[in-house]
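No experiment lies behind these values; they were computed from the predicted model shown. Every chain is numbered from 1, with letters handed out A, B, ... down the list of sequences.
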Protein chains: 2
Amino acid sequence: MSETHAIDSLSQRLADSGLRATPQREVVYNVLLKKRDHPTADEVFARVKTELPTISLATVYNCLETLVQCNLVRAVNFERSPTRYCPNLQPHAHFHDEQTGRTFDIDLPPEVLNQVNTVLPHGFDASSVEITFRGKASSSPS
Amino acid sequence: MSETHAIDSLSQRLADSGLRATPQREVVYNVLLKKRDHPTADEVFARVKTELPTISLATVYNCLETLVQCNLVRAVNFERSPTRYCPNLQPHAHFHDEQTGRTFDIDLPPEVLNQVNTVLPHGFDASSVEITFRGKASSSPS
DNA sequence: GTAGAATTTGGAATTATTCTAATTCCTACT
DNA sequence: AGTAGGAATTAGAATAATTCCAAATTCTAC
């Protein structure tokens with residue numbers, strides 16, 4: 001996928017959501033496409049500034065959020081909300097209810113855990129896995 | 001598992017790591033065992049204060065970190081480090097190299113994704129799943 | 001009992017992010 | 001072409017979560 005192509009799809013996506021394709025948004029998106037090392041907002045800010053020296057950090061945050069909303073970018077460590085603690089040491093996943101903010105433990109059968117571990121290529125040695133669902137919990141146990 | 005029992009295992013675990021069993025650590029741990037709703041550090045602080053009114057927030061953070069290190073507690077939203085962004089929209093997991101701090105995309109075959117989704121009980125409607133490995137990446141591509 | 005280490009404390013500092021209000025930029029309409 | 005009104009950007013202040021620090025306290029071992 002050429003960069004220009006990608007930018008076209010950016011304009012398209014933005015337009016679909018009734019948003020404008022601005023230079024800032026384009027440069028932010030390009031920066032993400034060019035070096036796919038999961039940069040932080042600060043790192044994006046630094047890279048974008050070489051092309052748009054007057055851009056502000058707030059704009060970078062705005063653009064990133066816009067791109068996430070348009071489904072062009074994923075935020076990897078969501079949850080700027082505080083770290084949560086749980087004493088359940090059995091292998092389990094978490095379900096985060098987006099409406100209530102509550103977090104539920106979801107039992108994780110060994111065979112599922114095993115299969116998940118098979119996706120790691122040679123050379124990746126995982127000491128832990130975290131599986132987090134997000135969505136709506138309709139019937140809510142305790 | 002009775003509470004007393006749990007506290008015994010707490011002393012044990014702490015001792016194993018050459019750490020002391022203090023009232024603060026015990027109360028923090030008990031608070032986590034008593035109400036398993038994945039509280040934040042602030043919430044733990046509030047609950048602990050009813051029993052130890054003079055405890056400080058810094059101590060709560062210290063105790064929580066100690067408990068996590070002793071493998072008695074899991075931190076659910078690790079990563080107090082900044083949110084990271086990636087333009088890869090294919091279903092994929094992430095591998096976080098604890099030594100270098102780098103994050104790698106790990107391809108996620110549909111059948112694995114499907115199996116992961118089967119763990120959700122009735123009433124949980126997930127709009128997204130996040131799978132994050134942590135560990136050591138020995139051979140490191142790109 | 002006392003030295004030395006571990007722990008706790010309160011407050012300051014830091015970090016990531018969001019808010020705010022003012023300005024600039026577009027777009028659509030005349 | 002000129003302008004009203006909304007969208008986007010900007011800089012800096014504000015906030016929230018967490019960590020740091022230095023002093024006081026508490027243990028533990030001798």
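- Side-chain atoms of A:V119 and B:P109, non-hydrogen and from C-beta on, do get closer than 4.5 Å to each other.
- A:E26 places none of its side-chain heavy atoms less than 4.5 Å from the side chain of A:T22.
- A:F95 and A:F133 have parallel rings, their planes meeting at less than 30° on a 0 to 90° scale where 60° marks the start of perpendicular.
- Counting to the nearest Å, the C1' atom of C:dT14 and the CG atom of B:L57 are 15 Å from each other.
- Put simply, CG on A:L14 is 9 Å from P on D:dA8, counting in whole angstrom units.
- The side-chain heavy atoms of A:H38 and B:H94, taken from C-beta on, include a pair separated by under 4.5 Å.
- Dashed line: the shortest gap from a side-chain N or O of A:T22 to OP1 or OP2 of D:dT9 is under 4.0 Å.
- A distance-only check finds no donor-acceptor pair linking the side chain of A:S17 to the backbone of A:C70 [under 3.5 Å].
- At C:dT17, one or more side-chain N or O atoms of A:Y61 fall inside 4.0 Å of OP1 or OP2 (strictly under the cut-off).
- A donor-acceptor pair is defined here as one N or O able to donate and one able to accept, closer than 3.5 Å; such a pair exists between the side chain of A:R25 and the backbone of A:R20.
- Distance, A:L52 CG to C:dT24 P: 18 Å, rounded to whole Å.
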Check: So B:T132 and A:V129, side-chain contact (heavy atoms from CB on, under 4.5 Å) or not? Walk me through it.
Finding: CA-CA 6 Å; B:T132 306; A:V129 202; over 6 Å; no
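- OP1 or OP2 of C:dT9 sits under 4.0 Å from a side-chain N or O of B:Q24.
- Atom P of nucleotide C:dA6 and atom CZ of B:R25 are separated by 11 Å, given to the nearest angstrom.
- For the pair B:T54 and B:G18, nearest-nucleotide mapping onto DNA chain C gives the more 5' position to B:G18.
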Check: Which letters describe nucleotides 21-30 of chain D, given B = protein heavy atom under 4.0 Å from base, S = only from sugar-phosphate, - = neither?
Finding: ------BS--
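- For A:C63, the side-chain atoms get nearest to D:dT9 when compared with the rest of C:dT8, D:dT9, D:dT18.
- When the C1' atom of C:dT7 is taken as reference, atom CG of B:L67 falls 14 Å away, rounded to whole Å.
- Across the protein-nucleic acid pair, A:I55 atom CD1 and C:dT24 atom P stand 17 Å apart, rounded to whole Å.
- Look at CD on B:E26: it is 14 Å from C1' on C:dT7, rounded to the nearest Å.
- Going from atom CD of A:E43 over to atom C1' of C:dT17 covers 16 Å, rounded to whole Å.
- Regarding contacts with the backbone of C:dT7, every side-chain N or O of B:T59 stays at 4.0 angstrom or more from both OP1 and OP2.
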